[in-house]
Structure formats: structure tokens, C-alpha cells
2 protein chains.
Amino acid sequence: MFDFKELEAFVWVVRLGSFRKGATKLHITQPSISDRITRLEDSVGESLLDRSARPVQPTLRGREFFTHAERLLEGRDEAMRLFQDEESFSGTLRLGVIETIASSWCPTFMRRLAERYPQLTIELMVDISPFLHQRLAENDLDMLFAMDGLVPGLCAIQTPLCTFEMGMFAAPELAAALRQGDMATFADTAFISFSKQARPYSELVAYLTALGIDTPRIHSTSTLMTIMRMSIEGLGIGVLPVATVRDAVDAGSLERLTLEEPLPPMIYDAIWRRSNYPSFCASVARLAKQCAADYAQDHGKLSSPSTMKGYVDT
Amino acid sequence: MFDFKELEAFVWVVRLGSFRKGATKLHITQPSISDRITRLEDSVGESLLDRSARPVQPTLRGREFFTHAERLLEGRDEAMRLFQDEESFSGTLRLGVIETIASSWCPTFMRRLAERYPQLTIELMVDISPFLHQRLAENDLDMLFAMDGLVPGLCAIQTPLCTFEMGMFAAPELAAALRQGDMATFADTAFISFSKQARPYSELVAYLTALGIDTPRIHSTSTLMTIMRMSIEGLGIGVLPVATVRDAVDAGSLERLTLEEPLPPMIYDAIWRRSNYPSFCASVARLAKQCAADYAQDHGKLSSPSTMKGYVDT
DNA sequence: TCACCGATGTTCGATTTCAAGGAACTCGAG
DNA sequence: CTCGAGTTCCTTGAAATCGAACATCGGTGA
């Protein structure tokens with residue numbers, strides 16, 4: 001069975017019409033060229049070159065084989081080019097993103113990524129961070145935009161991506177009632193947060209406990225949109241990333257509540273397995289970080305709430 | 001630089017998700033598989049497989065490379081198939097044909113050849129036999145349909161193809177004059193034949209000499225069509241393959257002259273260089289011979305001339 | 001016409017390189 | 001601790017390459 005060396009020898013002898021010239025081209029001796037061509041002919045079982053001709057010429061079959069040989073050599077060179085060009089990637093990137101990001105700067109990011117890597121295929125999965133981490137560990141995903149929370153033992157690279165300020169929001173009527181009520185009114189009101197396994201939920205519980213609210217009623221839902229919808233309907237106080245509800249606040253559907261102590265922000269990283277093409281993933285992470293920064297700048301912070309004991313809406 | 005063995009190892013380990021399974025598939029040991037993958041990774045300078053995963057999985061770059069590797073292996077198999085399938089040929093056949101054949105059964109032959117070898121590319125050259133033989137010797141042509149006449153030293157295969165009966169034809173008025181004249185009238189009339197270097201010309205000279213006509217006037221032209229045209233115009237007696245002037249005779253433009261002794265027939269062979277893919281060329285020759293036989297059957301012989309001393313037209 | 005020379009490809013033997021097998025080792029999971 | 005799977009190491013045989021010698025062909029000059 002022939003190898004690339006035999007193909008190279010054949011192709012160059014045909015192109016240059018001479019064993020000697022082919023040998024010089026490939027920096028080997030003439031007997032070696034002769035050997036390679038003979039080996040190739042032995043492996044296919046037919047003569048491919050007419051040596052009596054001057055210049056040396058392919059046989060009919062040799063001419064047919066030549067186009068295949070050229071194509072194979074070009075294919076090998078093309079494959080080698082994958083590793084020499086840091087600036088392109090033509091494979092598939094399986095990306096896991098938490099919903100907050102999917103709802104904020106991710107569309108912009110995807111557009112820029114496609115411009116940057118035109119041959120790239122993206123598979124996007126949206127889920128909460130713990131599930132995303134599990135999938136990274138199981139090698140179902142290549143890269144995450146999520147909160148930290150690595151599965152123990154997984155060797156991965158992690159780089160800060162963005163921070164989202166969290167806020168509490170209520171429908172105007174509920175907000176008015178809370179403004180006229182006291183701490184007990186606040187404590188009796190239902191809260192609406194993400195899935196129980198998600199970090200926002202546990203951070204909310206801790207925050208309310210620190211306020212003295214030991215048994216809060218918290219509805220948990222799986223999507224940011226549902227939280228927003230329920231909050232607008234007046235079912236409770238939604239705890240959401242501030243930037244993601246700017247439109248609803250501007251429309252008057254929701255009002256932000258002023259808190260004595262700010263909620264802890266949600267911090268997100270870009271995370272990928274160490275074994276996975278580090279420079280490409282680092283490049284993707286940089287691009288994502290830029291998109292996040294642009295988004296934060298465009299959407300800014302909602303007006304700074306004045307500090308009052310307890311809570312106050314804006 | 002990697003070879004096909006390394007590509008095979010990589011592709012099968014990825015497909016089967018296991019070094020051990022890949023080794024079993026390729027009938028080698030596990031350390032050998034490990035070596036091949038390592039050699040491949042060393043040659044490209046990057047890790048292509050994540051060995052900590054179960055099953056073993058390609059890295060991002062590995063996945064990108066996989067499609068190339070598969071394509072290269074398929075390309076090699078495709079090239080090998082050229083030598084295992086006697087029934088197809090996808091290259092270029094450079095065919096040299098004498099004009100008589102080009103004007104008779106060659107169009108039919110070309111059609112059948114294209115049906116038989118759909119991927120074949122044909123380059124057709126029409127010339128007289130000596131020139132065609134020269135070009136075969138210079139490797140400008142792969143195969144001839146011509147009279148024998150090999151350039152000395154050229155190692156070639158030759159197989160009988162067809163025979164064309166030769167006849168003498170004249171315009172009706174000239175034919176009438178010849179019928180009323182005698183041998184001197186015939187000897188004084190100009191003859192029209194092919195190029196001086198062509199066999200028909202020298203055969204005509206020999207024929208007339210045997211008739212006692214030592215210094216015949218013979219016009220020589222390079223094409224069969226020109227001979228026919230000049231004969232129809234009454235410029236002389238055209239010496240042509242009988243089958244090729246059937247239409248002109250049927251139309252009354254030309255009349256066949258009856259001869260005491262028949263002209264020697266023109267015998268044509270299929271000829272190709274021994275080094276050139278013998279089975280394919282033999283197959284082409286068989287197909288050509290069949291077309292020639294079909295043509296001879298369809299066109300038959302013109303009516304047998306009755307024998308008279310000297311000459312007589314039909 | 002013949003002998004000689006130069007160019008080119010092939011063959012042969014020696015040397016070097018490479019690939020594969022088998023044994024031992026390492027690592028992770030149960 | 002055991003087992004399954006992959007890696008490392010050493011030995012051996014096969015394969016590739018080199019250099020020298022040989023063979024062939026075409027051109028040139030006497």
C-alpha cells in the first residue's frame with residue numbers, strides 16, 4: 001500500500017518529466033526516486049510511467065492516477081494548514097450558556113464570532129450553570145459561559161467574563177403596596193427566582209436570612225422570561241439581573257425596589273477543558289468578554305437607588 | 001509528517017471511542033495504536049484526542065482534523081479502486097484515426113465508447129497513417145486506427161480492425177467518355193488519390209504500373225472529401241474506399257468504373273503502445289472492430305462489377 | 001560506420017531508520 | 001485490591017536510503 005512519499009515522487013516525476021529532476025526537487029538520490037516509483041507500481045500492480053519516452057511520461061493509467069495523487073497531496077497539505085493557521089477554525093464549537101447571557105449579549109457575540117470564524121459551526125445549549133458544568137465534564141460541551149462550579153477533578157481553564165448586578169422588581173401595584181407597608185409586608189411577599197439548584201436562588205435565601213426573613217416564600221422557575229412574566233403579573237418580587245429588565249422598567253411594567261443592602265452580583269466566567277485547543281478557546285473568550293463589556297456600557301446601570309433602612313422602590 | 005497508517009489509527013479510535021477497539025479493528029497491538037496516535041500528534045504539534053474522557057473523544061482540533069483524515073482515506077481507497085475495476089476509465093484517451101474511418105464508422109464508435117466509458121475524455125486527431133505512427137512514437141497519441149507502419153523500435157500491440165474495398169469513380173460524363181474510349185483514353189486520364197506519403201497513393205502507382213501505365217498523372221490531395229469533390233467535378237478518376245462514396249453514387253454524382261483487376265483493399269489496424277494499459281486499449285479496439293463490422297454490413301458492397309478486359313463502368 | 005562520451009535510469013549491497021510486538025508500568029474506577 | 005485501558009521501554013525485523021556499479025540511449029566526431 002502506497003504512502004505520501006510514493007505519491008510525491010510520482011507527481012514530481014510526471015510534472016518535471018524526469019527521475020533525476022524529481023530527485024533533485026525532493027532532495028533525495030535518483031535510486032531512491034526509482035525505488036519509490038517501483039514501490040508504487042508494485043502496490044497498484046500496473047505500470048504508471050513510460051520510461052522509454054523522453055521526457056518520461058505517464059501511461060494512460062498513470063495519467064488517470066495522477067489527478068488522484070495530486071488531490072491526495074493537496075488534501076494532506078490542507079490538513080496540515082489547520083495547525084499552522086491560528087486564525088481560523090472550521091470545526092464545531094459546542095457552547096453552553098446560562099440564560100441571562102443568552103438573553104443579553106449573546107446574539108451580538110454570535111454575530112461577531114461568525115464574522116471572526118466564518119467556517120465555524122456553533123452548537124448552543126442554554127441551561128443553568130450546574131447542568132452546564134456537568135455537561136462539560138461529560139465532554140458533551142466544549143466551552144461554558146457560566147458561573148464557576150467545576151465538577152471536582154476536571155482540568156479546565158477559567159477566565160472572568162462579566163458581572164451582572166441583581167435587583168428586585170415588582171409590578172407597580174405591588175410596588176405601591178410595599179411602599180405603604182413595612183418590613184413584615186415585605187417578608188410576607190412571595191419572591192420569584194431561578195431554579196433551586198442555581199446560584200441566584202441560594203444567594204437570595206442567604207440574603208433574606210441576613211435580613212431576618214428565615215422562611216421566605218420563593219417561587220422557582222427555570223427561565224428568566226418566566227420570572228419577568230410572573231413579576232409583571234404581580235405574583236411576587238422578581239429577583240433578576242438588572243440589565244435584563246431595562247425594557248420592562250422603561251415601559252412601566254415593573255418597578256425596581258430599593259434595598260438597604262445590595263444583592264450580591266452574579267459573576268460569570270468563560271470555562272473550557274484544558275485539553276481543548278487553548279488558543280482558540282481563549283480567543284473566543286476574549287471576544288465574549290468584549291461583547292459583555294459593550295453590552296454593559298450600552299445598557300448601563302439603572303438609576304442608583306438611594307439608601308433607606310429596609311427597602312424602598314425607585 | 002504523517003502517513004496513511006497514522007490517519008487510519010486516528011480515524012478508527014475516534015469512530016470506536018477506544019484505543020483498544022481501534023487496535024483490534026486494525027489487527028495490531030494497543031501500544032502500536034498508541035504509538036501511531038502519538039506520532040500523528042507530534043507531527044501536527046497539537047493534541048488531537050482527549051484520553052481522560054470515556055469513551056476517548058477528539059479535542060476541538062481533533063474533530064476538525066477528523067473530517068480531513070476521513071476524506072484522505074477515502075481518496076486513497078478511491079485511487080486504489082482505479083486498479084481493481086477493469087470496467088471503467090476516467091482519464092483521457094488520445095486517439096489518432098485515418099480520415100476514411102473518421103468519415104465512416106467513427107461517429108458511431110465515439111457514441112458507443114462514451115456509453116461504455118462515461119467518464120472518458122477523448123482527444124481525436126485525424127491524419128494519414130505515417131504521420132499518426134510518428135505521433136504514436138513520440139507519445140503524442142495513445143492509440144491509432146490506421147494502416148500498419150510502425151516506426152522501427154516502437155514496442156506496440158496491433159490488432160486487425162477492418163478492411164475497406166477500394167474503387168475508381170468518375171463523374172457521369174467522364175465515365176461515358178471512358179466507356180466509349182480505349183485503354184489509351186484511360187491511361188491519359190488523370191487520377192485523384194490521397195497524399196503521396198499515404199499507402200493508397202503508392203498502391204495506385206503499383207496497380208497502374210502493372211497495367212502498363214508507367215507514367216500516370218495522379219493528383220494528390222490530403223482529404224477524402226477533396227478527392228470526392230474533384231471527381232464529381234470531372235477532374236479525373238477518384239480512387240476511394242467504396243463504402244465512403246455510396247451516397248454520391250446513389251445520387252448519380254459519381255459512377256463506379258469496372259476494373260479488370262480489383263484494386264488492393266486498404267487494411268486498417270488498431271495499434272497502441274505495449275506499456276499503455278493493455279486491457280483498456282484491447283477493449284476499445286474490440287468496440288471499434290464491432291462498429292466497423294456493423295458499418296460494413298449496413299453499407300454492404302456496391303454491386304459487383306462484371307469483369308471485362310481493360311475496364312468498364314457499372 | 002564505429003567508437004566514445006554524457007545523460008539518465010536501474011540494480012545491488014551496506015547502513016540507517018523506523019515500526020511493531022511483548023513485557024512492564026501507570027492510572028482510574030469499582 | 002482487582003481489572004480494564006492506555007503508556008513506556010526495549011528488542012527485533014522490516015523498510016528506506018545512500019553510494020557505487022551497471023545498463024541503455026542518443027549525439028558527436030573521426
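Chain A is the first sequence line, chain B the second, and so forth, proteins listed ahead of strands; every chain is numbered from 1.
A close approach under 4.0 Å does occur between a side-chain nitrogen or oxygen of B:T29 and OP1 or OP2 of C:dG21. Here A:R39 reaches the OP1 or OP2 of D:dT17: one of its side-chain N or O atoms lies under 4.0 Å away. Contact check, A:S32 against D:dC18: a side-chain N or O comes under 4.0 Å of OP1 or OP2. Phosphate proximity of C:dA20 to B:K5: present, with a side-chain N or O under 4.0 Å from OP1 or OP2.
Applying the salt bridge (Lys or Arg N to Asp or Glu O under 4.0 Å) test to residues at least two apart or on different chains, the pairs with a partner in residues 73-83 of chain A are A:E8-A:R76, A:E74-A:R81, A:E78-B:R71.
One atom, CD1 of B:I28, and another, C1' of C:dC18, lie 15 Å apart when rounded to the nearest Å. Protein atom CG of A:D3 is 12 Å distant from nucleotide atom C1' of C:dA19, rounded to whole Å. Rounded to whole Å, atom C1' of D:dA16 lies 14 Å from atom CG of A:D42. The nearest whole Å value for the distance from the CG atom in B:L16 to the P atom in D:dG6 is 11 Å. Here D:dA16 presents its P atom at 14 Å from CZ of A:F2, a figure rounded to the nearest Å. As a whole-Å value, the separation of A:F4 CZ from D:dA16 P is 15 Å. D:dG6 atom P lies 13 Å from atom CD of B:E41, rounded to whole Å. Nucleotide C:dC18 holds its P atom 12 Å from the CD atom of B:E6, rounded to whole Å.
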* Evaluate the criterion salt bridge (Lys or Arg N to Asp or Glu O under 4.0 Å) for residue pair A:R63 and B:E123; output intermediate values, then yes/no. => CA-CA 14 Å; A:R63 204 150 63 229; B:E123 288 178 11; over 6 Å; no

* To do: Could you give me the CA-CA distance, side-chain angles and deciding distance for A:I101 and A:F109, then say whether side-chain contact (heavy atoms from CB on, under 4.5 Å) is met?
  => CA-CA 10 Å; A:I101 290 176; A:F109 164 72; over 6 Å; no

* Spell out protein contact along nucleotides 8-13 of chain C as letters: B when the base is contacted, S when just the sugar-phosphate is, - when no protein heavy atom is under 4.0 Å; keep the 5' to 3' order. => SBBB--

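Between B:F65 and the choices B:T59, B:L48, B:L60, B:V11, the side-chain contact (heavy atoms from CB on, under 4.5 Å) rule is met once, by B:L48.
Ion pairing between a basic and an acidic side chain is recognised when a charged N comes within 4.0 Å of a carboxylate O; A:E70 and A:R15 show such pairing. Ion pairing of B:D127 with B:R135 is absent here, as no side-chain N (NZ or NE/NH1/NH2) approaches a carboxylate O to less than 4.0 Å.
Between the CG atom of A:D269 and the OG1 atom of A:T159 there is a distance of 7.0 Å, given to the nearest 0.5 Å.
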